Number of protein chains: 2
Amino acid sequence: MYPESSSWEECLGLYVEKVQVGVVRKDIVEKLVQFPDIFEVVKADSEGNEKPPGVYLSQYLLLPEDRTKALDHVMRVLRQQDELVALRGWRDEMYNVMRTFSGRPYFQVERAASSLIGVMTYGVHINGYTYSPDGKLMMWIGHRSKSKPTYPDMYDNMSAGGLTAGLSVMECALKECSEEAAVPDEHLKHLKQVGLVSCCYENEKGVFPENLFVFDLELPADFKPVNRDGEMDTFYLLPLDKVKELIIGDGFKPNCALVILDFFIRHGIITADSEPNYCLLVEQLHVPLQTIFSKFDKHQFCIPT
Amino acid sequence: MYPESSSWEECLGLYVEKVQVGVVRKDIVEKLVQFPDIFEVVKADSEGNEKPPGVYLSQYLLLPEDRTKALDHVMRVLRQQDELVALRGWRDEMYNVMRTFSGRPYFQVERAASSLIGVMTYGVHINGYTYSPDGKLMMWIGHRSKSKPTYPDMYDNMSAGGLTAGLSVMECALKECSEEAAVPDEHLKHLKQVGLVSCCYENEKGVFPENLFVFDLELPADFKPVNRDGEMDTFYLLPLDKVKELIIGDGFKPNCALVILDFFIRHGIITADSEPNYCLLVEQLHVPLQTIFSKFDKHQFCIPT
């Protein structure tokens with residue numbers, strides 16, 4: 001599920017109403033204990049506690065709005081302390097926090113703070129591809145602007161973005177194709193949802209359990225993506241050998257490289273006969289986030305299902 | 001990872017050379033303790049044991065052939081005792097047992113006995129589809145013969161089969177399409193590997209951790225599959241609504257229903273906007289068998305990687 005270097009096993013779950021909605025790393029738990037009215041922290045080595053280890057959002061925060069407000073307070077205080085890198089990227093953009101994608105939101109949290117409490121996030125990623133005159137499959141690869149706050153100057157999918165509240169997954173994908181690559185409506189009717197890549201990584205900003213809704217878009221040979229929102233510098237139309245080289249290298253935004261690996265597998269470019277680690281690769285594109293997040297509720301609290 | 005009704009947590013791993021290659025259910029462990037020269041059984045409640053709980057194939061069985069012979073002896077004795085349903089389906093067909101798909105075989109085991117020691121198995125599944133004159137996507141669904149020893153009289157993919165030793169995955173898929181559905185060579189050039197569905201289920205025969213290599217095959221509208229090896233009774237060309245109904249019902253061979261669910265997801269028939277459990281469904285098509293089987297080696301024995 002996680003590499004040896006992961007600190008996952010030392011993390012505590014974040015619970016609301018006895019339901020796990022996040023994963024908090026040790027170093028961040030140390031910041032949250034400053035707010036005992038908002039978080040009850042039960043550490044693995046605590047004694048005499050009835051509850052399993054975890055970070056519990058106060059049971060007195062009954063309504064989603066109460067929780068959102070309390071968390072906002074915490075994150076603004078921590079931001080002022082300026083010890084957490086994640087909060088330097090404050091975006092004034094709220095993410096809904098649900099137990100599952102279609103569930104009710106338990107609260108909202110500032111996007112830049114979401115990795116501190118390790119809540120699941122959702123995004124759309126679009127593979128733009130076409131065929132060369134001699135019939136070769138080619139992919140459109142974006143190059144992120146040097147001024148992007150996250151992963152500047154790195155390779156990317158043709159378009160991608162976080163799931164904006166209020167839009168359906170398809171609406172969000174259409175919007176991203178239009179904003180990031182100026183794909184005209186007549187081509188967008190070929191946009192097709194083709195799966196989900198799930199992954200979990202961590203860095204100095206916290207823990208990122210991500211659900212990436214994957215779309216394929218076949219484009220006519222004479223179409224060229226043009227960026228409209230300043231997020232991409234350039235687009236390259238590349239043969240698959242070149243794309244393979246890029247996703248193995250260090251210059252690709254890691255979660256986008258996974259989406260392209262999934263494309264290669266679905267299109268029969270990487271097969272079980274050509275790739276000894278095929279089974280493991282497919283598996284690692286589908287980290288069982290739903291199961292990891294639901295394990296606790298069922299086994300410890302026996303919530304009726 | 002597994003439903004509440006699963007006995008997974010009570011199962012013991014099967015280990016060879018400190019590497020997990022299988023999963024053995026409690027009721028089957030009770031049979032294996034009859035052979036102390038071949039299996040060392042360390043139960044969870046055993047005391048004073050240095051080894052973690054598990055079923056260990058004797059360290060004195062050094063060569064793959066020695067292990068194969070010892071296991072064959074065990075299975076033939078158990079077959080004579082006639083208490084294990086699985087062994088009533090003896091097929092005189094050997095499966096290679098590896099730690100990973102591309103790894104070296106540790107031993108071979110009779111196919112009918114593989115579920116008793118819960119080793120990973122590999123198979124190919126082919127989705128045959130075409131478009132109706134009005135452009136509607138239609139799937140070819142097989143109906144298994146009433147005389148099949150396993151899952152008789154149930155719906156199935158167009159063709160499928162266990163991975164035969166000595167064939168590549170693609171060769172095996174080509175062979176199954178030819179034998180089970182009489183697909184002529186000119187259509188077979190469109191056969192495309194598109195992914196892997198992994199699952200684990202259990203029944204009265206034991207535990208089945210299965211890796212299903214998935215292929216899509218687009219067929220011309222005038223082609224009709226014809227069964228040549230007596231495994232299928234009939235083929236039906238069905239609209240997707242009808243296929244959806246069938247895979248939800250009880251009449252479909254369960255692992256084949258998963259392969260079709262995967263088809264629906266890859267072809268944009270089931271989307272995150274139409275299906276509230278989308279994330280969970282995609283995840284359950286990719287049970288992390290590789291991770292489950294490797295967990296023990298790494299964490300308990302610290303084998304250098």
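Predicted, not measured: the structure shown is a model, and the values here were computed from it.
Using modelled atom types, one finds a donor on one side chain and an acceptor on the other under 3.5 Å when comparing B/His267 with B/Asp216.
Here the side chains of B/Met139 and B/Phe263 are in contact, with some heavy-atom distance below 4.5 Å. Residues B/Glu283 and A/Val287 are not in side-chain contact: their nearest non-hydrogen atoms beyond the backbone lie 4.5 Å or more apart. In this structure the side chain of A/Pro184 reaches within 4.5 angstrom of the side chain of A/Phe223, judged on heavy atoms.
Inspection of non-hydrogen atoms places no residue of residues 125-138 of chain A under 4.5 Å from chain B.
A pairwise comparison of heavy atoms in B/His190 and B/Glu218 identifies CB-O, 4.2 Å as the closest pair.
Looking at B/Ser168, both its backbone and its side chain come within 4.5 Å of chain A, counting heavy atoms on both sides. Contacts between A/Thr271 and chain B at a heavy-atom distance below 4.5 Å involve backbone atoms as well as side-chain atoms.
With sequence neighbours excluded, the residues satisfying side-chain contact (heavy atoms from CB on, under 4.5 Å) with A/Leu258 are A/Val197, A/Cys199, A/Leu285.
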Run the ring pair (Phe, Tyr, Trp, His ring centres under 6.0 Å) test on A/Phe101 and A/Tyr122 for me, step by step, so that the C-alpha distance in whole Å, both residues' side-chain angles and the decisive distance to 0.1 Å come before the verdict. CA-CA 8 Å; A/Phe101 176 60; A/Tyr122 299 87; 4.8 Å; yes
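Put simply, of B/Thr100, B/Asn211, B/Leu289, the one with the most heavy-atom pairs under 4.5 Å next to chain A is B/Leu289.
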